[in-house]
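These notes are about the structure you will find just below.
In this chain, numbering begins with 1 at the start of the sequence shown.
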Amino acid sequence: MKKNWQNSNAWTAVLCVLALILMVAPLMYIARYIWPCSDDFGLSLWTLEAWQETGNVFYVLKRAWDYVVFNYLEWQGAYSSILLMALQPDIWGTGFYRMGVIFIFVSLLFGIYWLSYVLMVKHGKAPKSVWLTITSLVTFAWFLRVMYTEEAFYWWTGASYYTGFYSWAMMIVASMLCHYTDWEKYGKTRKCFLYIMGVLACAFVSGGNFPTTLLLLLISMGLSVAAFFYKKPAFKVILCYAVTVLVALLVSVLAPGNNTHMTNDFEANVSAIEAIYISIRDGLSYIASWSNVSVIMLYVFLLPFIWQLVRSCGWEFRWPVLASILSGGLFLAEFAPVSYAFGGYAPGRMINLYYINFYWLILFNVFYWLGWIYKVLSVKYQEKLQKLAECQNKWQPVYVCVVGMLFLLSVMKVGITNTNLYWVYAELYNGYYRQVDEFIEERVAYFEEHQGEDVVVEPIPYQSVITYFSDLFPDKEHILNEAMADYYGVNSIDLIE
């Protein structure tokens, strides 16, 4: 009977993984057609010139560091993100930019699966099939409707700054959770290596975007408190990581250039109290707007698998209301830096992260409340619950088929043409990505033939729903036109309207 149950779980896991592959594979495939755009040009001029003049990698790295220092003093304190922007992959050659897109995809998927593995399998003692089912389907749902794919993956400046640092922060949290349980099992050499790498990773990732760093700080502080309370050997290590994150965040926040950046780019002019209010307002608004029928059916589908996780993890589930408040507060906390800077407006690349954290928020609350319900019912109905678990191999396949169909119908009801799955396959089928790729390749070749001259070009022939972020403006003195002109070595670029 147990074997049948496991087979049911395994087949469901395989189908969920295949669904995710069906969703992600074309999104990664079209990386071959992607070119740099927008801020990619201006932010990497120093390093591009260094590479073209010397071909020396170390000199390029030096110029990248010079650019970080310049921006820290004059514009922005997010030192790690500026470093990655300065080292924009296209400076090494066109093919490297496409590799950068793949790197962002791999980072995100690895971070999601590693963190969920540590939480569900290592700490929750759940079967790997349960881990794969829950993680794959939740990730599939996010990819299906994430609103700003171009900023999430295909524009290096935005993708590395937000999706990249978010992914690497998940890896750090996964590492800290491993240290939490296994630190005493490590040898001295391994401890020394992991400690040094952990501190360096925290210092680097915390020099990225402020919302992700704030979440990392809160999580690392929470783990430090838990490690102290339960007398874990890893307490001092995790505390050191938390302090490193805090120091790095302060280094970023206190940069002299932030004042200039805020004065020139942001006009929100809100107080800290107003920012907290805006964070709560916007966060609750997003939760309400995203909680549609397809999301509800997603978690209804996952109930048997979450129930298995509940039964295997050994938690006591004593404080469901407190758990909801704390998890909700953690979710809303990431809104605060953006609310303070923008006064309620959030760039698409940040909304992408809100959206994925929305799925984790709902998953955690379904898990915890289901655990509490299971605990309450176990007092009077232990035998019935045990029988229900024993015959799960009989009812679970039927449940999965029926609710799975309802989930698919709910996706269609919300609108299949509003999904990234529809658009990426439709645009691939119609050859739009190849068309734009060939157009930009010809444009770049034209620039190379007219070095130092004033040039006029046509706009991109098709603005992709999935990949398009920005192009030239019909004004040769526009900052983006000037940056592209400097990048490709022409005197000026104008656009035919």
Taking all heavy atoms of [X] and all of [Y], pick out the closest pair and write down the distance.
| X | Y | answer |
| --- | --- | --- |
| Leu87 | Ala64 | CD2-CB, 3.8 Å |
| Ala152 | Asn352 | CB-ND2, 3.4 Å |
| Ser492 | Ala485 | CA-CB, 4.0 Å |
| Pro36 | Phe41 | O-CZ, 3.3 Å |
| Asp471 | Tyr468 | N-OH, 3.4 Å |
| Ala78 | Gly208 | CB-O, 3.6 Å |

Aromatic ring pairing [X]/[Y], orientation class (parallel under 30°, perpendicular over 60°, tilted between):
| X | Y | answer |
| --- | --- | --- |
| His478 | Phe473 | parallel |
| Tyr33 | Tyr433 | parallel |
| Tyr195 | Tyr241 | parallel |
| Phe103 | Trp168 | tilted |
| Phe153 | Phe143 | parallel |
| Phe364 | Phe367 | tilted |
| Tyr446 | His450 | tilted |

Check step by step if side chain to side chain contact (heavy atoms under 4.5 Å, CB included) holds for Tyr354 and Trp290.
CA-CA 11 Å; Tyr354 295 160; Trp290 290 335; 3.7 Å; yes
Could you verify whether a donor N or O on one side chain and an acceptor N or O on the other, from [X] and [Y], lie under 3.5 Å apart?
| X | Y | answer |
| --- | --- | --- |
| Tyr487 | Asp40 | no |
| Asp90 | Ser44 | no |
| Asn357 | Glu334 | yes |
| Tyr117 | Tyr113 | no |
| Asn420 | Thr149 | no |
| Ser285 | Asp282 | no |
| Gln88 | Tyr97 | no |
| Ser107 | Tyr166 | no |
| Ser410 | Ser294 | no |
| Glu150 | Thr467 | no |

Distance-only, no hydrogens or angles: does the [X] side chain make a donor-acceptor pair with backbone N or O of [Y] under 3.5 Å?
| X | Y | result |
| --- | --- | --- |
| Asn430 | Tyr432 | no |
| Ser327 | Ser324 | yes |
| Glu427 | Val465 | yes |
| Thr47 | Ala86 | yes |
| Tyr359 | Val295 | no |
| Asn481 | Glu477 | no |
| Thr157 | Met85 | no |

Do other residues, nucleotides or ligands put more than 12 heavy atoms under 6.0 Å from [X] [atom1]?
| X | atom1 | result |
| --- | --- | --- |
| Trp65 | CH2 | no |
| Met147 | CE | yes |
| Tyr425 | OH | yes |
| Met221 | CE | no |
| Leu409 | CG | yes |
| Ile496 | CD1 | yes |

Determine whether Tyr79 and Tyr72 satisfy the following criterion, ring-ring contact (aromatic ring centres under 6.0 Å, His included), listing intermediate values before the conclusion.
CA-CA 7 Å; Tyr79 53 88; Tyr72 187 85; 7.3 Å; no
Can the positive tip of Arg98 be found less than 6.0 Å from the middle of the six-membered ring of Trp35, inside 45° of the ring normal?
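Verdict for Trp35: a cation-pi partner in Arg98.
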Take Val17 and Thr133 through the side chain to side chain contact (heavy atoms under 4.5 Å, CB included) test and state the conclusion after the steps.
CA-CA 7 Å; Val17 171; Thr133 298; over 6 Å; no
Dump the intermediate steps for side chain to side chain contact (heavy atoms under 4.5 Å, CB included) on Phe335 and Ile276, then the final yes or no.
CA-CA 8 Å; Phe335 286 76; Ile276 294 173; over 6 Å; no
Side chain to side chain contact (heavy atoms under 4.5 Å, CB included) for Thr12 and Leu132? Distances and angles first, verdict last.
CA-CA 9 Å; Thr12 307; Leu132 285 172; over 6 Å; no
One pair to check against side chain to side chain donor-acceptor pair (under 3.5 Å): Ser81 and Asn209. What are the steps and the verdict?
CA-CA 7 Å; Ser81 62; Asn209 68 80; over 6 Å; no
Just so I know, are the side chains of Leu480 and Ser38 near enough to count as touching, which here means a heavy-atom distance under 4.5 Å?
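Yes; the side chains approach each other to less than 4.5 Å.
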Taking the side chain as every heavy atom from C-beta outward, state whether Met171 and Phe110 have any atom pair closer than 4.5 Å.
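In short, these two side chains touch, coming nearer than 4.5 Å.
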Take Phe358 and Trp142 through the test ring-ring contact (aromatic ring centres under 6.0 Å, His included) and record every step on the way to the result.
CA-CA 9 Å; Phe358 160 76; Trp142 181 79; over 10 Å; no
Hey, mind stepping through Asp437 and Arg434 against salt bridge (charged side-chain N to carboxylate O under 4.0 Å, His left out) and telling me if it holds?
CA-CA 5 Å; Asp437 174 48; Arg434 183 181 298 276; over 6 Å; no
Near-ring test Tyr161/Trp156, centroid separation under 6.0 angstrom:
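Not under 6.0 Å, so no.
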Which of these passes side chain to side chain contact (heavy atoms under 4.5 Å, CB included) with Val205: Val245, Thr244, Thr213, Leu216?
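Among Val245, Thr244, Thr213, Leu216, the one that satisfies the side chain to side chain contact (heavy atoms under 4.5 Å, CB included) with Val205 is Leu216.
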